[in-house]
Amino acid sequence: MQKKRDSSKDRIGCLLSGQRIDRVPVSTFILGFAASATGCSTADIYSDPQKSFEAQLKTRDIYGYDSDPFFGYASYGAWEFGAKIRLPHGPYQQAPAVEGRLPVETEKDVEALELPKLACDGMLPGALPLALEFSRLQKKHGMRISVVLGGSFTVSVNIASEARLCRWMIRKPDLVHRILRVVTDHLVGVLTLWAEIFGAVNVVPQLWEPAASNQIISPGLFEKFVLPYQKELHEKTLELGINHILCHICGAHEKNLPFWREIPMGNPGIVSFGTEVPLRTAVRTFGSRCIIAGNIRPSTLQTGSKELVRTLCREAIENAKDAPNGFILMPGCEMPVNTPPSNLQAMIRASEEFGRY
Amino acid sequence: MPHALFKKLSEAVLKMDEEAAVELSRKVLDEGLDAYSAIIEGLAEGMSQAGTLYDGGEYYVPELLLCADALYAGLDILRPHIKTGEAKFRGKVVIGVVEGDVHDIGKNLVKTMFEAEGWEVYDLGKDVKVERFSQEQQRVGACVVALSALMTTSMLAMPKIIESVKSADPGAIVLVGGAPLSPEIAAGYGADGYADTAKNAVVTARNLLSASNS
Amino acid sequence: MQFKKDEMTSEERLTALFAGRPVDRVPFHGLATGFNAINVGYRIADFYRDAEMGVRAATWTIAQYNWEKMPHIFLGPLGAPEFGGSIRWPSGEYAQAPQIERHPVQSEEDAMKLEMPDIRTAGFIPILRDFAKHSIDAGHPYCLIATDELFLCVANLCSIDILCKWVIKKPDLVHRLMRIATDFKLAISAHLAEEIGTDRLIPWLGEPTTENRLISPKTFEEFVLPYTDEYHEKLIEMGYRIVATHICGEQNANYPLWSKIRMGEPGIISVSQEVDLEDAIRYFPNDVIMGNLTPALIQSGTPNDVYEAARVCIEKGKKATGGFILAPGCEMPPKAPPYNVWMIMKAIDDFGWYV
């Protein structure tokens with residue numbers, strides 16, 4: 001079942017290199033869903049790169065979507081900066097969560113915050129050894145290498161907690177700047193390492209930024225705390241020779257879009273949006289320099305009917321199919337673990353039916 | 001017409017001024033004013049206005065958290081001085097983030113709004129086992145149970161919780177909220193109400209409660 | 001699931017198979033009910049209780065996996081609710097199908113008082129009728145509607161425990177109940193023939209209660225064979241050309257007796273995993289053999305084990321002189337991992353071609 005990909009069938013690869021494709025590609029952040037599709041445990045998806053990779057390959061075999069297996073988790077940061085995490089178990093958990101003390105709980109913790117050591121000889125912190133093993137599997141299968149990290153702000157939230165960072169942004173801005181500084185340096189460090197090991201041109205990092213959404217912070221705070229560090233992160237990433245960044249602008253970011261526009265994404269970048277950002281707005285804002293991806297509501301995928309999913313996909317395709325750099329049909333965030341299989345199938349069918357070029 | 005001090009208290013909360021909230025609360029006591037009125041017409045009013053600003057896109061979570069800090073700082077001083085029998089709790093509410101989910105910032109804001117409105121809140125915290133909600137509702141005799149979830153997976157625990165709460169007490173009102181929820185999903189789960197913001201959660205609870213009492 | 005080179009549509013394949021003509025590849029039937037529901041995000045009970053939802057779930061799932069277009073419904077307790085017993089719909093994490101809560105016959109007296117219910121309205125019968133109707137409306141060339149076998153019906157009336165005792169202590173009573181069951185099932189079949197027609201509706205006659213861990217071949221011969229013979233004969237007379245008999249469970253010792261019964265033209269013999277496909281082919285050389293992947297393996301086995309088991313079935317089944325449908329030996333487990341199901345289809349694509 002494991003074979004190198006026929007490059008003409010790699011629709012996302014074609015979009016990245018500016019080639020024509022037959023129809024809109026369908027991509028998904030599929031993690032826990034792959035466990036239920038193949039009968040392995042959700043914890044394996046996060047803790048066992050080999051099993052995770054195989055489960056994701058098999059799941060792609062079943063449904064025929066376009067994205068490659070990847071390794072990542074939204075709470076990136078806490079474990080890497082020294083906290084303990086708990087892998088998902090039980091019927092309702094979806095992803096790893098921090099257990100016990102966070103790396104930053106006091107002002108003193110901020111002063112003491114240090115960059116975790118990064119060396120590829122087994123001295124990597126947190127989930128990075130697993131991520132590295134996973135990336136080696138991607139390389140072995142001729143895939144793009146996708147190291148998955150949070151944006152600077154989200155990783156800072158994962159280290160210090162949302163509530164603490166929210167209070168400090170107003171009361172103790174210097175502390176927040178210091179955390180963001182350390183986190184940004186760390187993220188650049190990880191990307192540098194990946195570029196060294198796998199070759200910068202082969203790496204397409206994924207940077208997920210849910211915590212800076214307007215459901216949490218104002219555009220004013222975004223401009224002050226998120227923009228400078230995220231911009232620096234992207235600039236340094238591209239300076240490494242990495243050509244494309246997949247930036248998942250997760251949640252309600254509409255008021256932040258003018259700032260996101262200032263951030264380079266690569267040539268082209270891929271920007272993926274949640275349902276909260278209309279695709280027409282996304283195309284207008286980023287279409288000239290990025291591939292647009294999104295934005296089917298995950299909870300509809302989980303609880304909605306197949307007809308509703310088909311309709312939403314048709315509308316999404318109609319709104320974004322002709323974006324200058326292309327469009328990828330995608331859920332607005334991770335594919336819910338309990339999505340009925342026929343709803344994922346409906347996404348693919350919708351692309352075949354409505355997404356032909 | 002609220003007392004001028006109460007108005008200042010309300011402003012202190014709205015402006016996230018914790019020190020002023022403390023100072024003004026002490027002044028309320030020094031001047032022999034009624035602590036309960038100061039809470040309702042001052043602190044709670046300020047929090048309610050903060051909620052309105054959030055709904056209007058002027059305030060965001062950081063601002064709300066700091067308003068809540070000011071509210072609690074004032075409450076700590078005024079609460080011990082409420083005269084027995086004076087405080088009329090609107091009702092008791094059991095609140096928590098459902099099993100499998102550790103995202104509690106939204107739940108904490110809803111809790112604050114309930115407390116500001118004079119509800120007696122029993123907070124079960126986060127990642128709360130399915131059966132705990134019904135047990136706690138039975139234990140304290142709460143009229144409202146409020147459930148929060150941020151993940152599509154954890155929200156699947158909600159219908160089970162609703163079923164267990166309703167089977168133990170068919171009259172209990174269950175509210176749900178959180179990013180992946182919608183009014184349609186909430187209705188499908190058998191919830192009595194859904195709210196998209198912390199402030200609306202309290203308004204919805206209040207409306208449902210008065211409808212069930214009438 | 002796209003096959004490498006499908007040369008026939010499902011309708012062409014099934015029609016050819018039932019006419020004894022060659023087909024392009026081994027067909028697959030999922031025997032799926034609760035699996036369909038979960039696949040499309042419904043509750044399992046929805047599949048059974050709401051015929052429209054049931055057929056929709058089946059239609060989508062069939063299209064998704066490229067299964068044969070032959071939706072299937074079975075309501076195991078048939079007989080109990082129609083004669084005044086009660087059932088429980090599946091709910092909760094582990095329930096798979098409706099179950100009997102109270103049998104209508106608790107005593108000999110009850111058995112003597114049984115009266116034929118109103119066939120148009122009683123119990124599950126409207127669901128079976130509606131399911132068939134929606135299937136045909138949705139464009140499926142055939143549907144499998146479980147009117148089920150007779151001994152099962154009697155077990156549903158009085159419980160298998162009592163039936164096993166009465167077989168020895170009250171044989172006359174068992175004969176009386178078998179008579180009622182025969183008349184009841186023929187009445188349902190006549191009603192369905194009238195309302196739906198017999199061209200596309202294939203009666204699915206499931207029989208788990210005659211298995212040899214419960215009763216002997218001798219008991220089968222005495223109590224089951226004569227009534228079943230009459231039942232099948234009359235079904236065929238009614239115009240049901242194709243009849244599917246699901247010989248469920250360990251019935252190796254009953255096969256010689258089953259083979260004396262007229263099974264249809266052709267019959268579909270659904271073989272359980274306890275019986276070797278080669279034995280089934282030997283007993284029913286002119287009928288379509290269907291089976292017999294182990295459901296528990298599909299649910300819990302590794303993908304490679306499932307693939308290998310499917311390959312073995314395909315290799316054996318392709319030698320069936322009356323034709324072959326690959327299928328589970330009993331109901332598809334509702335929570336079978338999609339990848340294991342996909343591996344079955346892959347095995348057909350790799351080993352199931354006739355041309």
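Quick caveat: nothing in here was measured; it's all calculated off a predicted structure. In the text below, chain A, chain B and the rest are named by the order of the sequence lines, each starting its count at 1.
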Q | Stepwise side-chain contact (heavy atoms from CB on, under 4.5 Å) check, C/Val341 with C/Met332 | A | CA-CA 9 Å; C/Val341 178; C/Met332 175 73 79; 4.2 Å; yes
Q. Step by step, would you call A/Asp68 with A/Arg60 a salt bridge (Lys or Arg N to Asp or Glu O under 4.0 Å)?
A. CA-CA 8 Å; A/Asp68 288 337; A/Arg60 189 171 72 182; 2.7 Å; yes
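Residues from residues 45-74 of chain C that place a non-hydrogen atom less than 4.5 Å from a non-hydrogen atom of chain A comprise C/Arg56, C/Trp60, C/Ala63, C/Gln64, given in numerical order. Heavy-atom neighbours of chain C within the stretch residues 299-310 of chain A, taken at a separation under 4.5 angstrom, comprise A/Lys306, A/Glu307.
In terms of non-hydrogen atom pairs under 4.5 Å with chain A, the most contact-rich of C/Ile38, C/Asn39, C/Val40 is C/Asn39.
With respect to the salt-bridge test (charged N to carboxylate O, under 4.0 angstrom), the residues A/Arg349 and A/Glu352 qualify. Residues C/Arg25 and C/Asp349 are not paired through a salt bridge, judged by the lack of any N-O separation under 4.0 Å between the basic side chain and the carboxylate. Salt-bridge formation is detected for the pair C/Arg13/C/Asp24: a Lys NZ or Arg NE/NH1/NH2 atom is positioned less than 4.0 Å from an Asp or Glu carboxylate oxygen.
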Could you pull out every donor-acceptor pair under 3.5 Å between side chains of residues 21-28 of chain A and any protein atom, sequence neighbours left out?
residue: A/Asp22; atom: OD1; partner: A/Arg11; partner atom: NE; Å: 2.7
residue: A/Asp22; atom: OD2; partner: A/Arg11; partner atom: NH2; Å: 3.1
residue: A/Arg23; atom: NH1; partner: A/Ser351; partner atom: OG; Å: 2.9

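Outside the 6.0 Å centre-distance limit, the rings of A/Phe71 and A/Phe53 are not counted as a close aromatic pair.
Ring-plane geometry between A/Phe29 and A/His248 is classed as perpendicular, the angle between the planes exceeding 60 degrees on a 0 to 90 degree scale with a lower cut at 30.
A donor-acceptor pair is defined here as one N or O able to donate and one able to accept, closer than 3.5 Å; no such pair exists between the side chain of A/Asp44 and the backbone of A/Cys40.
Partners of C/Lys316 by side chain to side chain contact (heavy atoms under 4.5 Å, CB included), not counting sequence neighbours, listed by chain and number: C/Asp276, C/Leu277, C/Glu278, C/Val312.
In this structure, chain C has heavy atoms under 4.5 Å from both the backbone and the side chain of A/Thr38.
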